[in-house]
2 protein chains.
Amino acid sequence: MTASPHILIVDDHREIRDLVSRALVREGFRISQASDGKAMRKILADARIDLILLDLMLPGESGLSLCRDIRAHSNVPIIMVTAKGEEVDRVIGLELGADDYLPKPFGTRELIARINSVLRRTQRSVQEPEAENQRRNYRFDRWVLSADSRELLRDDGVSLSLSTGEFDLLMALVERPQRVLSREQLLDLARGRAASAFDRSIDTQVSRLRKKLEADPSDPRIIQTVWGGGYMLAAKVTAE
Amino acid sequence: MTASPHILIVDDHREIRDLVSRALVREGFRISQASDGKAMRKILADARIDLILLDLMLPGESGLSLCRDIRAHSNVPIIMVTAKGEEVDRVIGLELGADDYLPKPFGTRELIARINSVLRRTQRSVQEPEAENQRRNYRFDRWVLSADSRELLRDDGVSLSLSTGEFDLLMALVERPQRVLSREQLLDLARGRAASAFDRSIDTQVSRLRKKLEADPSDPRIIQTVWGGGYMLAAKVTAE
DNA sequence: CGGCGCTGTAACATTCCGTCACAATTGCGA
DNA sequence: TCGCAATTGTGACGGAATGTTACAGCGCCG
C-alpha cells in the first residue's frame, strides 16, 4: 500500500474521537469517524478502511458484538479499545477476532506503535486461505463484469479487457449502484488514497471508462455525472 | 530445493501465529497459517509444505490427533509445540510421528535452529518418492500443470516442458489463484529471496511464461498484470 | 443572458511494464 | 574439475497506464 492507511475510529465520545483523530492525522493517517455501529457500517460500505479502532463500550451494540459482526464478512484489522482493563476483555476480544487490544488511558505514542504494528503484521502475514474470496460477476446494462478475471463481457459476446485502474474504478461503482460517490470516495475506494488539490484523475478515468463501455460516450447512460456531487452508476446491477 | 522451505504454522492463537510467522518470514521461510485442523488440511491439500509447526493444544481436534492423522498419509516433518512442558507429551508426540518437540515459551533462535535441524535431518527421506500424496496436478484454462513431471499439458495433448524457474513461478501463481501477488512476494515464493533494487527478473520470467502458455501473449488472460501491484493468475484453478 | 464554478477531454508528463539483447549463473556430462 | 548449453538476471528502450494541466463547454443562479 503506497497511500497512507485509512483508519476508522469508532467511539461514542466526540472529544475522544477528535483527540485521537488529530493525533493520527498528524502522523499522516487518513481518518474517518463513527459514533455507533450504524455509522460504522455506513462508512465501511462507503470507504476502503485499513484498520478499525473500536471502542468496547458503546451505547446500543457493544464493541464486541460489532467486532464479531465485522469479522463475519471481512478481515479488516481491528484494535479494541476499552477502559475496562481486565484481562477477560482482552481474551474475549482476541477470540472474537480483534487483532490487538489497547487499554485506556493510552498515550499517543503507544497508540501509533500499536497501529503500525498491527498494520505491519496484517500486511505481511502470509495469506490465510480461510477467506474464501468467492468473488462475483456483476451484470449491468449490456455488460457482465467478472471480478475474478477482471474482464468485461458484452451480451453479444465481445470481451473487453480493462486496465487495472479502470477495473478498480468500475468495481467501486458496480458494488454501489444507484448511489452518488464523490471523487474523494472513489479515489479512496479504487486507489486507496486521498485526493490532492485539484485532483482530476477520477474524471479522466471515468472519461476513459465511458469511452469503453458507453454506447455513446458523449451521452453517458451507465456512469452518470452528478453535478457538484460526483458520479453514479445509473444502471441496475445484479450480482451473481 | 532451490526455493526456501514452506512452513505451515498450526495454532489457534492468531497472535502467536503472526509472531512466529514474522520471525520465520524474516529468516526467509515461506509461511502458511492455519487456526485449526480443517484449515490445516486445506492448506496441505493446496500447497507443498516442507514442515509443520503444530500446536498441541487446539480447540476441537487436538494436535496429537492431527499429527497421527497427517502421518497416516504423509511423511512431512512435524514439530510439535506445546505449553505443557511435560515429558509425557514429548514421548507421545514422538511416538505419533512428530520429528521434534518444542516447549513454550521458546525463543526465535531456538525455533529456527530446530526447524533447520529437522529440515536437514529429513531432507534425504523426503526426497524418497513416497510423497505421492503431496504432489498434485493443477488444472486451469486449457492447461494441466503436473507438479511431478514439471510439465504443462494442454487439452489438445500438446506437452510443454518448463524450466525450473518457470515451474516455480507458475506454481506460486497457481497455488494462489485470483490473488494479486507483488513482485516481492513472487520472488520470495518462487525463488526464496528478496528483491534487489531495480529487480526485473520476475517481469522477464512472467514474459517468458506468457509466451509459452497464453493464446495471445500480447493480451494475457491467464497471468494478468496489476498495474502498480504485481501479477495475478486470473484463471480458475482446480487441484486434482 | 452573463458570470462563476464544475466537468469533459485532449495533450502532455510521469511512472510502470513488456521484452529484446546480452551478461552472468547454473546444471550437467565428460 | 572443466567446458558447454540451458537458464536466469540485468540494462535499455519503447510502449502502455495513469496522473496533471489546460482549456473549452456546460449547468446553475442571479
Side-chain angles (χ1 to χ4, degrees), chain A residues 1-3 150 152 160-172 180-184 186-214 216-232 234, chain B residues 1-3 150-152 160-172 180-184 186-214 216-232:
Chain A
M1 182 184 317
T2 101
R150 319 192 130 212
L152 206 48
L160 196 54
S161 60
L162 297 172
S163 75
T164 305
E166 287 164 353
F167 173 80
D168 290 343
L169 176 58
L170 188 53
M171 277 294 284
V180 180
L181 299 168
S182 70
R183 289 169 177 71
E184 183 77 23
L186 287 169
L187 213 44
D188 178 45
L189 291 165
R191 300 285 190 282
R193 67 176 178 85
S196 58
F198 312 116
D199 199 316
R200 301 295 306 283
S201 58
I202 288 297
D203 300 60
T204 312
Q205 200 68 285
V206 166
S207 173
R208 285 165 180 152
L209 250 184
R210 281 173 173 162
K211 258 193 244 183
K212 286 196 173 179
L213 55 82
E214 296 278 1
D216 176 8
S218 68
D219 178 23
R221 301 297 176 90
I222 301 173
I223 303 178
Q224 292 194 348
T225 303
V226 177
W227 206 88
Y231 297 96
M232 182 178 79
Chain B
M1 185 182 313
T2 155
R150 330 199 119 207
E151 268 184 343
L152 264 179
L160 197 55
S161 69
L162 295 173
S163 74
T164 308
E166 287 165 350
F167 174 80
D168 290 343
L169 177 58
L170 188 53
M171 278 294 280
V180 180
L181 300 169
S182 69
R183 289 168 177 70
E184 184 85 19
L186 287 169
L187 261 177
D188 182 45
L189 291 165
R191 300 285 190 283
R193 67 176 178 83
S196 59
F198 312 117
D199 200 316
R200 301 295 306 283
S201 57
I202 288 296
D203 300 60
T204 32
Q205 200 68 287
V206 166
S207 175
R208 285 163 182 151
L209 256 181
R210 280 174 174 162
K211 252 193 251 183
K212 287 194 173 179
L213 55 82
E214 295 277 1
D216 176 8
S218 68
D219 179 22
R221 298 300 174 99
I222 301 174
I223 303 179
Q224 292 198 348
T225 303
V226 178
W227 207 90
Y231 296 97
M232 184 182 82

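Below, chain A is the first sequence line, B the second, and so on; all start at residue 1. What you see below is based on every heavy atom in this structure, not just the backbone, and it leaves out hydrogens, waters and symmetry mates. As the structure is a prediction and not an experimental result, all values here were calculated from the model.
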Output the rounded distance in Å from [atom1] ([X]) to [atom2] ([N]).
X      : N      : atom1 : atom2 : value
A/D168 : D/dG19 : CG    : C1'   : 15 Å
B/L162 : D/dA6  : CG    : P     : 16 Å
B/F198 : D/dC13 : CZ    : P     : 15 Å
B/R150 : C/dG27 : CZ    : P     : 11 Å
A/L186 : D/dT18 : CG    : C1'   : 16 Å
A/I223 : C/dT7  : CD1   : P     : 15 Å
B/F167 : D/dT8  : CZ    : C1'   : 17 Å
A/I202 : D/dT18 : CD1   : C1'   : 11 Å

How many angstroms lie between [atom1] in [X] and [atom2] in [Y], if you round to the nearest 0.5 Å?
X      : Y      : atom1 : atom2 : result
A/L181 : A/I202 : CG    : CD1   : 10.0 Å
A/D216 : A/K211 : CG    : NZ    : 13.0 Å
B/T204 : B/R200 : OG1   : CZ    : 8.0 Å

Within the structure shown, what part of the strands sits under 4.0 Å from A/S163 by heavy-atom distance: base, sugar-phosphate, or nothing?
sugar-phosphate
Tell me, do B/Q205 and B/Y231 make a side-chain contact under 4.5 Å, heavy atoms counted?
no
Can you find a pair of side-chain heavy atoms, one from A/R193 and one from A/D199, that are under 4.5 Å apart?
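A/R193 reaches A/D199 side chain to side chain.
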Can you identify which nucleotide, out of D/dT8, D/dT20, D/dA17, has its nearest atom closest to the A/D199 side chain?
D/dT20
Salt-bridge test for A/D203 and A/R183: reply yes if a basic N is under 4.0 Å from a carboxylate O, no otherwise.
yes
Strictly under 4.0 angstrom, non-hydrogen atoms only: write out the protein contact profile of nucleotides 16-21 of chain C, one letter per nucleotide from the 5' end, B, S or -.
SBBBB-
B/A197 vs B/G165, nearer the 5' end of DNA chain D by closest nucleotide
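Looking at the nearest nucleotide for each, B/G165 comes out on the 5' side.
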N/O donor-acceptor pair under 3.5 Å between B/E214 side chain and B/D219 backbone:
no
